[in-house]
Amino acid sequence: MAVTGAARVWVWVAAVATGLTAVGLALLAILGDLDTAGQAASIVGAVIGALALLVSVIALLSGSSGGAGGGQGRTVRAGRNAIVAGGNITGSALGKNAKVTGPATAINPPPPTPRNGDDVRARRNGIAAGGDITDSALGEGSER
């Protein structure tokens with residue numbers, strides 16, 4: 001995943017802060033006494049752990065996974081002999097012996113609406129779409 005914009009700035013801020021903290025703790029251990037350095041390292045570790053927990057909770061609640069799909073969070077499931085599409089279905093023959101005949105109907109579909117977290121599920125022998133179904137033959141033996 002490429003880091004861009006504000007995320008790139010925060011990565012650099014975190015890297016610089018981590019480096020400065022490591023240098024400061026090393027200097028404290030060398031120039032000061034080891035007990036003080038140990039106590040400081042404990043406090044710094046606790047603060048960094050709390051910040052890491054906060055960032056992970058924010059990422060979990062915002063739904064950004066960073067994986068395939070750009071964080072859409074959509075689950076697409078199909079039962080036995082089911083047909084499922086995560087988006088729009090246009091001009092298709094879906095089902096046993098379904099046929100699309102003749103020219104396609106002229107349609108001007110609206111731009112796809114971004115959907116976050118909408119699950120799409122079709123049970124056994126079902127048909128489901130996460131978007132619009134247009135100009136299609138749906139079901140067994142259907143024709144358009």
Side-chain angles (χ1 to χ4, degrees), residues 1-30 34 36-144:
M1 179 176 95
V3 179
T4 59
R8 182 182 307 262
V9 172
W10 283 109
V11 167
W12 276 104
V13 167
V16 170
T18 302
L20 291 175
T21 302
V23 169
L25 288 173
L27 287 175
L28 184 60
I30 293 170
L34 199 52
T36 305
Q39 290 173 349
S42 295
I43 292 170
V44 168
V47 169
I48 289 175
L51 288 174
L53 176 64
L54 176 68
V55 168
S56 65
V57 168
I58 289 171
L60 179 66
L61 294 177
S62 71
S64 55
S65 63
Q72 292 294 317
R74 174 175 284 183
T75 302
V76 179
R77 295 184 189 170
R80 183 176 295 199
N81 296 325
I83 300 167
V84 178
N88 296 338
I89 299 175
T90 303
S92 300
L94 306 174
K96 188 176 181 180
N97 298 322
K99 295 185 233 176
V100 174
T101 59
T105 305
I107 56 170
N108 292 323
T113 305
R115 294 177 172 97
N116 290 327
D118 293 343
D119 292 342
V120 182
R121 183 175 181 183
R123 296 188 187 259
R124 186 177 188 146
N125 299 319
I127 299 173
D132 297 327
I133 300 177
T134 55
D135 198 30
S136 299
L138 302 177
E140 187 173 332
S142 63
E143 208 174 292
R144 183 219 38 97

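What you see is a predicted model, and the numbers here were worked out from it, not measured in a lab.
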Residues 15-26 side chain polar contacts: donor-acceptor under 3.5 Å, at least two apart:
{"from": "T18", "atom 1": "OG1", "to": "A14", "atom 2": "O", "distance (Å)": "2.7"}
{"from": "T21", "atom 1": "OG1", "to": "A17", "atom 2": "O", "distance (Å)": "2.7"}

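Checked against side-chain contact (heavy atoms from CB on, under 4.5 Å), V13 has the following partners two or more places apart in sequence or in another chain: V9, W10. For T36, the side-chain contact (heavy atoms from CB on, under 4.5 Å) criterion is met by L28, D33, not counting sequence neighbours. Residues that satisfy the side-chain contact (heavy atoms from CB on, under 4.5 Å) test with S56, not counting sequence neighbours, are L53. Residues passing the side-chain contact (heavy atoms from CB on, under 4.5 Å) test with V100 are A93, R144, sequence neighbours excluded.
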